[in-house]
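Read through the structure below, which is laid out as structure tokens, and then see the notes.
In what follows, chains are A, B, ... by sequence order, proteins preceding strands, each numbered from 1.
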There are 2 protein chains.
Amino acid sequence: MSLAHAILGFLNYGPKTGYDLKRVFEASVSYFWNARQSQIYQTLPDLEKRGWATVELVRQDDRPNRKEYSLTDAGREELRHWLGQAQPNPPIRSPFLVQVFFSGELPDDEVLAVLEEKAQELRDVLALFETGPVSQPVYAEHVPKRDRFFWYLTLDYGIESARSSLRWIESAIERIREGAYERGIDGAITEKETT
Amino acid sequence: MSLAHAILGFLNYGPKTGYDLKRVFEASVSYFWNARQSQIYQTLPDLEKRGWATVELVRQDDRPNRKEYSLTDAGREELRHWLGQAQPNPPIRSPFLVQVFFSGELPDDEVLAVLEEKAQELRDVLALFETGPVSQPVYAEHVPKRDRFFWYLTLDYGIESARSSLRWIESAIERIREGAYERGIDGAITEKETT
DNA sequence: AAATTCATGTAATAAGTTACATGATTCC
DNA sequence: GGAATCATGTAACTTATTACATGAATTT
């Protein structure tokens with residue numbers, strides 16, 4: 001259950017409500033971890049039960065009351081422990097790759113349409129990464145330089161992996177247009193690095 | 001529910017039992033889609049209910065009886081329809097990137113240990129891709145060249161994305177060793193392509 | 001007047017994991 | 001003798017999604 005740990009990570013920057021957390025997820029880690037509002041609200045009482053956070057009701061007159069969750073020492077310890085252990089990779093599930101895998105069943109034009117659509121998606125994602133809110137994170141102030149460094153590392157990962165996927169799709173499209181599959185598997189395999 | 005569609009894709013190469021399917025998943029698409037035995041057995045009756053497959057009991061004396069599922073015309077049609085539509089991206093959930101994101105909380109040596117472990121994992125995956133069973137798929141014979149082309153395309157994707165991730169991790173390790181985070185965010189960002 | 005923001009939650013369902021259960025044959 | 005292969009399934013649980021429900025204040 002790493003959603004709980006992601007929440008601990010954010011609470012470490014200061015007390016937050018379920019509502020705050022939802023916004024903060026969206027503004028920062030949403031491209032590699034996002035959570036539904038309902039899931040966040042379901043997880044918060046659990047953090048309290050485990051002793052990782054405490055709740056405080058903050059009364060407001062003009063707006064709905066807030067329930068602020070704060071990280072406890074036990075919570076911070078749990079976070080550090082979790083961060084220090086390489087997390088196992090969850091099984092990847094890519095419907096898109098399943099689709100490509102079985103695309104022998106489709107005529108060229110239909111496969112190409114799907115690939116073009118995916119390529120465009122990736123270009124849009126890249127444009128967002130380079131200009132959008134993710135590249136100018138303002139969702140927390142007075143954050144140490146070192147913390148920001150790691151934030152940007154993940155952004156960098158997102159950019160690099162999107163670029164890599166796009167290169168792959170574009171080359172796949174080209175190979176299909178050339179009719180590479182008629183020449184056997186060689187047409188599908190990228191040359192190995194000649195080192 | 002794309003597990004159902006992945007199964008349809010395999011049934012399209014001939015009738016299979018739950019047991020066959022489990023092996024075939026492992027030997028081919030496991031690095032981008034894998035399913036537990038229990039999940040496959042839970043899904044199969046559903047395919048039948050939807051009219052996408054039929055079952056036939058094959059009695060065996062020396063071994064347990066087999067329940068062979070065959071694709072129906074409706075099933076093939078469903079498969080083609082699914083293949084022709086670009087599938088929406090499921091939300092990515094990467095505990096590893098969450099971990100990196102919050103790694104400001106950890107001292108250098110602990111972060112580096114986690115990154116090194118992940119780098120080694122990627123090197124192992126790459127070695128497997130290049131020599132292992134995935135690169136010599138024998139799990140189906142008499143498969144058209146064009147089908148194999150798409151199989152190899154997905155393998156190629158796996159190799160390229162593993163290489164891309166490894167490059168990223170190695171450069172991250174280097175930047176941390178150099179103390180790049182002291183110089184602000186510039187140390188974390190890959191130079192933009194100078195075009 | 002309508003939409004958005006702020007703020008909380010619950011219920012039903014779907015998808016996936018873990019663990020259990022059985023039993024013959026064949027390979028080491 | 002023990003492990004692996006062949007072959008089926010079910011039950012309990014966890015995780016995540018979809019959809020519903022409420023309501024004041026502010027912005028368009």
Side-chain angles (χ1 to χ4, degrees), chain A residues 1-7 10 15-27 29-30 32-50 53 55-69 87-95 98 133 139, chain B residues 1-7 10 15-27 29-30 32-50 53 55-69 87-95 98 133 139:
Chain A
M1 211 228 272
S2 12
L3 171 60
H5 292 94
I7 292 178
F10 283 119
K16 288 184 181 47
T17 67
Y19 191 82
D20 293 338
L21 284 164
K22 177 63 186 136
R23 279 185 316 164
V24 140
F25 266 88
E26 258 163 27
V29 298
S30 60
F32 56 85
W33 197 291
N34 211 348
R36 302 278 154 173
Q37 176 258 96
S38 64
Q39 215 192 333
I40 291 172
Y41 280 105
Q42 276 161 7
T43 304
L44 284 172
D46 196 57
L47 296 188
E48 209 205 339
K49 262 177 239 151
R50 286 168 192 266
V55 210
E56 199 194 344
L57 185 78
V58 179
R59 285 179 204 286
Q60 298 188 125
D61 292 330
D62 50 337
R63 292 176 182 186
N65 294 334
R66 298 160 56 83
K67 282 173 85 174
E68 283 198 337
Y69 287 81
Q87 294 307 311
N89 298 316
I92 305 158
R93 293 215 164 77
S94 168
V98 171
Y139 38 83
Chain B
M1 215 226 272
S2 10
L3 170 60
H5 293 94
I7 293 176
F10 283 118
K16 286 181 182 52
T17 67
Y19 191 81
D20 294 339
L21 284 164
K22 177 62 186 137
R23 279 185 315 165
V24 139
F25 267 87
E26 259 163 26
V29 298
S30 59
F32 56 86
W33 197 290
N34 209 349
R36 302 278 153 171
Q37 176 257 98
S38 64
Q39 215 191 335
I40 291 172
Y41 280 106
Q42 276 160 10
T43 304
L44 285 171
D46 194 59
L47 296 187
E48 208 204 339
K49 260 177 240 152
R50 287 167 191 267
V55 210
E56 199 193 342
L57 186 79
V58 181
R59 284 179 206 283
Q60 297 187 125
D61 291 330
D62 50 338
R63 292 177 182 183
N65 295 333
R66 296 161 55 83
K67 282 173 84 172
E68 284 198 334
Y69 287 81
Q87 295 307 311
N89 298 316
I92 306 158
R93 293 216 163 78
S94 168
V98 170
Y139 39 82

> Counting distance only, does the side-chain N/O of B:Lys22 pair as donor-acceptor with the main-chain N or O of B:Ala35 below 3.5 Å?
Replying inline: yes

>> Checking the side chain of B:Arg93 only, and the main-chain atoms of A:Asn34 only, is there a donor and an acceptor separated by less than 3.5 Å?
In response: yes

> Any side-chain donor paired with an acceptor under 3.5 Å for A:Thr43 and A:Asp46?
Replying inline: no

> More 5' along DNA chain C: A:Gln37 or A:Arg93, using each one's nearest nucleotide?
Replying inline: A:Gln37

> Separation of B:Tyr69 atom OH from D:dA7 atom C1', in whole Å?
Replying inline: 12 Å

>> So, does A:Lys67 get its side chain near the phosphate of C:dG9, meaning an N or O under 4.0 Å from OP1 or OP2?
In response: yes

> Would you say D:dG9 has OP1 or OP2 under 4.0 Å from some side-chain N or O of B:Tyr41?
Replying inline: no

> Are B:Val98 and A:His5 close enough that some pair of their side-chain heavy atoms sits under 4.5 Å apart?
Replying inline: no

>> Nearest to the A:Arg63 side chain among D:dA7, C:dG16, C:dC6, which nucleotide is it?
In response: C:dC6

> So do A:Lys67 and A:Thr17 actually touch side chain to side chain, heavy atoms under 4.5 Å?
Replying inline: no

>> At less than 4.0 Å, is any side-chain N or O atom of A:Thr17 found next to OP1 or OP2 of C:dT8? Yes or no.
In response: yes

> Between D:dT17, C:dT5, C:dG16, which nucleotide has the shortest distance from any of its atoms to the side chain of B:Leu3?
Replying inline: C:dG16

> According to a strict under-4.0 Å criterion, is A:Gln60 in side-chain N/O contact with OP1 or OP2 of C:dC6?
Replying inline: no

> Between B:Gln42 and B:Asp20, who's closer to the 5' end of DNA chain D by nearest nucleotide?
Replying inline: B:Asp20

> To the side chain of B:Tyr19, which of D:dT8, C:dG16, C:dG23 is closest?
Replying inline: D:dT8

> Atom CZ of A:Arg59 and atom P of C:dT8: how far apart are they, to the nearest Å?
Replying inline: 14 Å

>> Rounding to an integer number of Å, can you tell me how far B:Phe25 CZ sits from C:dT17 C1'?
In response: 16 Å

> Of A:Gln60, A:Glu56, A:Arg59, which meets side-chain contact (heavy atoms from CB on, under 4.5 Å) against A:Arg66?
Replying inline: A:Gln60

> B:Lys49 has an atom NZ; how far is it from atom P of C:dA14, in whole Å?
Replying inline: 12 Å

> Could you give the CG-to-P distance, from B:Asn65 to D:dT8, as a whole number of Å?
Replying inline: 9 Å

>> Measure CG/B:Asn34 against P/C:dT18 and give the value in whole Å, please.
In response: 12 Å

> Can you check the B:Glu68 CD to D:dA7 C1' distance for me, whole Å?
Replying inline: 12 Å

>> What is the separation between atom CD on B:Gln39 and atom P on D:dA12, rounded to the nearest whole Å?
In response: 19 Å

>> Under 4.0 Å from OP1 or OP2 of D:dA7: is there any side-chain N or O of B:Arg23 that close?
In response: no

> Heavy atoms under 4.0 Å, any strand shown: does A:Ser38 hit a base, just sugar-phosphate, or nothing?
Replying inline: base

> Where each residue is assigned the nucleotide of DNA chain D containing its nearest heavy atom, which of B:Leu44 and A:Asp61 is assigned the position nearer the 5′ end?
Replying inline: B:Leu44

> Does the side chain of A:Arg36 get closer than 4.0 angstrom to OP1 or OP2 of D:dA16 through an N or O atom?
Replying inline: no

